[in-house]
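Residue numbers run from 1 in the order of the sequence given. Model, not experiment: these values are computed from the prediction.
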Amino acid sequence: MRILYIVLGVISIFIVAGGVFAYQKRNGLLLSAINKAKEKLATKYDLDLKIQYYSFKGLSSVQFQNIILQPKGKEQLAHIQDLTVSVRIFPLLFGDVKLGQIIMNNSAVTLIKKDSTSNYDFLFKKKNRDSTTNDKIETNFADLADRMLKSIFFKIPKNMDMQNFELSYQDDSTSQRISIPEAEISGGDLKTKFLLNEHEAVWNLEGTVDPDGKELYVRLFSDAKDVELPLLRRKFGLKASFDAISFRLNKVNRKNKELLSLSGEWGFENLKLNHWRISDKDVLFPEGLMSGTLNIGKNYLEVDKESKVKVKEFEFNPYVKYVHKPSKQLALAIHTDRIEAQKFFDAIPQGLFHSLEGIHVSGHMQYDLNFALDFKKPNEVVFTSKMDDKDLKVEKWGNANIQELNTAFTYTAYEKGEPMRTIILGPQNKDFTPLGQISKYMQISLINTEDPFFFSHNGFQEEAFRLSIATNLKEKKFKRGASTISMQLVKNVFLNRNKTVVRKVEEIILVWLMESSKQVNKKRLYEVYLNVIEWGNNVYGITEAARYYFGKKPADLNLGESIFLSSIVPRPKTGIYSFDWTGHLKSNILRYFNTYGHIMVKTKQISVDSTMSNYGFYQVQLVPHLRSARPAFVDSLQADSLDIGVGEDSFLDLDETTDAHKRSIFDKLIERNKEEK
């Protein structure tokens, strides 16, 4: 103990001596620090820092007057009339600079943008790469997040008294101003107000903060109802308001050098959004809470599997993991316990899914989704979706009444979001054709091209989703969809034409209910589908399509005509351009015929005799009045005029003029003439 006292005494002497020395030299140290700050701001950000007066006040406080921050050649960015800052002595002894108290009066930050320049451009200025930096040094996300958190919490004072702070924004069309008359932190309690444009709106911010424990709780709420957040509507077309938003950071745990965990929760009350990409009316989220842990590793970010999202009485567990290196990977999962199914529908925000409003179900549901993707290996994507809804029963449908599909009903066809015309799906319409009166070739070919497993799946095809994801990633654009006939039918009959993620989710939910309820059998669904889909400009349903292109009834369509009609379903308005001036099909779709014709023969859906003449390719002829005008000059050797493919698995290159190609053309021409005879 005596040795310990001696050691502590020696340390105390050194601390006191160092403190006395620092106290005597502090003015010089302060001047040096300010000069370094000015130099850094000038060289790195082109900012001029001016301070009219500064001086020590007491042992650990520094007082400033008239601080001005201004970008070179631009409008003034910030001004602080009076500022007093104190540093906590004890943490300083261990090398941590933590703020003890801040007193600030009459300050303003002014953001100004004129044309394409602004006085805050420096915030987005790219840093010049240092040639001496070692490019092989890897970024450690955990270490980066830890340093950031320390920087934030070290700058939060134990006590704060701020008077008359103003933040304003101005560009060529918008002007907004937020004022804070008073903000206070006392003993960890935080309280302040935000005033928008002189009491146009008032928000309150209250909570607690513990900089040493890295704990934080804040709650932002408005004095009035439906107060919009500023700028969002003018800049992004988004109307957003809420009663309250809260955030809590409960624990920061640096487990090791490569792992940092943040535990907390985020919630809202009566969050209201309105944006054309979401819905054509207000969407109200009455209440929600997300709690859990965010794990930050050396090269990954992860929302822990134990995290929970609760909306009203519906709860689910999300899991998200993003790996940055050695290859970019993304994993997503959703899990729900077995719950009353109605809780899920009650939790859907009002105004989000119009078709589901008013729906009532009985029974239970339990759902699991798993998705994993390595961006360098898109073909190995993992996608599984499992729903346990054995006792689910739809007691009452919402705005989209699926049971109407069993009877005659009215369907409105849309074009670019605008209604084109109303069509009756039933005997009252002379163009409505029952399934039994539609050519078997037409039924078989459309099933094969659009949804081969329609009669056996439950509305979705996991393999189609996997192929769609893999193909679109490899092509780096939307190349392949994953819609089944059930999904296309729901989209056409019950939903709007807005191409948004929200509408896609609504489509998926409605298909799930339609298929699981089994209130409409598959044959009826297929019959309706054939009678509503678009097949050309203002051409809807198989009866109009058969008459428009071939002057026939649906029952008389042959194999070639059926394959052609199936081929244009994804792009119906391009169908007319598949024909040349003679009324025959162009050669560029011959491969399509051979591909799907071969599939139908291999699966014994059509007989081998149907392979004659490339599965009816040369028998397809457009009605005369729709054919394009005869060219002024016709070269009988040009494949684009004759529309003859070289072979089953290849296309004719129009730039090729070899003898082999010419002979192939004449052979096909002779074959066509024989068929015409």
Side-chain angles (χ1 to χ4, degrees), residues 353-361 393-415 417-447 450-451 454-455 458-459 483-497 503 506-507 509-550 552-557 562 565-566 569 572:
F353 300 146
H354 175 73
S355 67
L356 298 172
E357 290 179 3
I359 193 168
H360 183 73
V361 301
K393 184 179 180 181
V394 180
E395 303 288 350
K396 177 180 176 294
W397 290 98
N399 291 326
N401 188 350
I402 298 297
Q403 283 187 317
E404 289 182 354
L405 295 176
N406 286 317
T407 60
F409 67 97
T410 301
Y411 159 69
T412 302
Y414 283 83
E415 177 74 30
E418 297 295 326
M420 290 288 291
R421 59 190 173 101
T422 300
I423 302 170
I424 298 175
L425 272 295
Q428 300 93 324
N429 181 0
K430 63 181 179 60
D431 285 337
F432 176 81
T433 305
L435 190 63
Q437 297 176 25
I438 299 174
S439 162
K440 287 293 182 182
Y441 286 132
M442 186 69 246
Q443 295 183 43
I444 293 169
S445 61
L446 189 58
I447 282 285
E450 288 299 298
D451 189 358
F454 169 70
F455 285 102
N458 63 350
S483 291
T484 60
I485 285 177
S486 301
M487 296 170 73
Q488 294 179 50
L489 179 62
V490 162
K491 177 183 68 176
N492 278 281
V493 176
F494 295 110
L495 302 181
N496 60 46
R497 298 301 182 270
R503 198 218 64 188
E506 183 178 12
E507 176 185 317
I509 295 173
L510 204 54
V511 169
W512 159 52
L513 290 172
M514 180 179 73
E515 293 277 356
S516 63
S517 71
K518 297 188 179 356
Q519 294 183 10
V520 185
N521 66 53
K522 289 278 192 174
K523 286 188 176 181
R524 173 59 178 173
L525 292 177
Y526 193 36
E527 178 181 82
V528 173
Y529 176 75
L530 282 163
N531 279 275
V532 301
I533 57 174
E534 184 182 8
W535 255 303
N537 188 24
N538 201 25
V539 178
Y540 296 94
I542 186 60
T543 304
E544 293 184 13
R547 182 171 60 237
Y548 178 75
Y549 290 102
F550 310 118
K552 290 186 174 184
K553 294 181 179 180
D556 300 328
L557 293 170
S562 299
L565 288 175
S566 301
V569 169

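- In this structure, Tyr529 and Gln488 have side chains that are in contact, with non-hydrogen atoms separated by less than 4.5 Å.
- Ile438 and Gln443 get closest at one heavy-atom pair: O-NE2, 3.0 Å.
- The aromatic rings of Phe455 and Tyr526 lie perpendicular to each other, with more than 60° between the two planes, well past the 30° mark.
- Judged by distance alone, the side chain of Gln403 and the main-chain N or O of Gln519 form no donor-acceptor pair under 3.5 Å.
- For the pair Asn531 (side chain) and Phe432 (backbone), a donor-acceptor distance under 3.5 Å is absent.
- At a threshold of 4.5 Å between non-hydrogen side-chain atoms, the residues Leu510 and Glu506 do not count as touching.
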For this session: Could you walk me through whether Glu404 and Trp397 pass the side chain to side chain donor-acceptor pair (under 3.5 Å) test, one step at a time?
Result: CA-CA 10 Å; Glu404 289 182 354; Trp397 290 98; over 6 Å; no

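- The backbone N or O of Tyr540 lies less than 3.5 Å from a partner atom in the side chain of Glu544, making a donor-acceptor pair.
- Shown are Leu405, Val511, Leu489; of these, the side chain to side chain contact (heavy atoms under 4.5 Å, CB included) with Phe494 is made only by Leu405.
- Distance check: Leu565 CG to Tyr549 OH gives 7.5 Å after rounding to the nearest 0.5 Å.
- Within 6.0 Å of the NZ atom in Lys396, the count of heavy atoms belonging to other residues, nucleotides or ligands exceeds 12.
- Counting heavy atoms from C-beta on, the side chains of Tyr414 and Glu534 never come closer than 4.5 Å.
- Panel note: side chain Thr484, backbone Asp451; no donor-acceptor pair is recorded below 3.5 Å.
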For this session: Quick one: do Leu435 and Leu530 satisfy side chain to side chain contact (heavy atoms under 4.5 Å, CB included)? Show the steps, please.
Result: CA-CA 8 Å; Leu435 190 63; Leu530 282 163; 3.7 Å; yes

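- Within the 4.5 Å cutoff, side-chain heavy atoms of Phe550 are placed close to those of Leu557.
- If you take CE on Met420 and CG on Asn538, they are separated by 4.5 Å, rounding to the nearest 0.5 Å.
- Salt bridge present: Lys522 and Glu515 bring a charged side-chain N and a carboxylate O closer than 4.0 Å.
- Of the possible polar contacts, none joining the Glu395 side chain to the His360 backbone as a donor-acceptor pair under 3.5 Å is found.
- Within the 4.5 Å cutoff, no side-chain heavy atoms of Val532 are placed close to those of Ile423.
- The CH2 atom of Trp535 lies 7.0 Å from the OG atom of Ser566; values are rounded to the nearest 0.5 Å.
- Here the straight-line distance linking atom NZ of Lys553 with atom CD of Gln437 works out to 9.0 Å at 0.5 Å rounding.
- Thr422 and Thr410 share no side-chain donor-acceptor pair at under 3.5 Å.
- Between Ser486 and Met514, some side-chain heavy-atom pair lies under the 4.5 Å cut-off.
- Salt-bridge check for Arg503 with Glu507: passed, with a basic side-chain N closer than 4.0 Å to an acidic carboxylate O.
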Exercise. Given the rule in the side chain to side chain contact (heavy atoms under 4.5 Å, CB included) test, do Ile402 and Leu513 qualify, once you have shown the distances and angles that lead to the verdict?
Worked result: CA-CA 9 Å; Ile402 298 297; Leu513 290 172; 6.0 Å; no

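- For NZ of Lys552, the number of neighbouring non-hydrogen atoms (other residues, nucleotides, ligands) closer than 6.0 Å is greater than 12.
- Two residues are said to be in side-chain contact when any heavy atoms from C-beta on lie closer than 4.5 Å; Ile542 and Leu446 fail this criterion.
- Contact annotation: the side chain of Asn401 never approaches that of Phe409 to less than 4.5 Å [non-hydrogen atoms, C-beta and beyond].
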Problem set entry | Verdict with supporting geometry, Val528 and Tyr411, side chain to side chain contact (heavy atoms under 4.5 Å, CB included) | CA-CA 10 Å; Val528 173; Tyr411 159 69; over 6 Å; no

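- To the nearest 0.5 Å, atoms CG (Asn492) and OG1 (Thr412) are separated by 12.0 Å.
- Here the CD1 atom belonging to Ile485 is positioned 6.5 Å from the CD atom belonging to Glu450, to the nearest 0.5 angstrom.
- Side-chain atoms of Ser445 come within 3.5 Å of backbone atoms of Ser562 as a donor-acceptor pair (strictly under, hydrogens ignored).
- Applying the salt bridge (charged side-chain N to carboxylate O under 4.0 Å, His left out) test to pairs two or more places apart or on separate chains, those with a residue in residues 428-439 are Asp431-Arg547.
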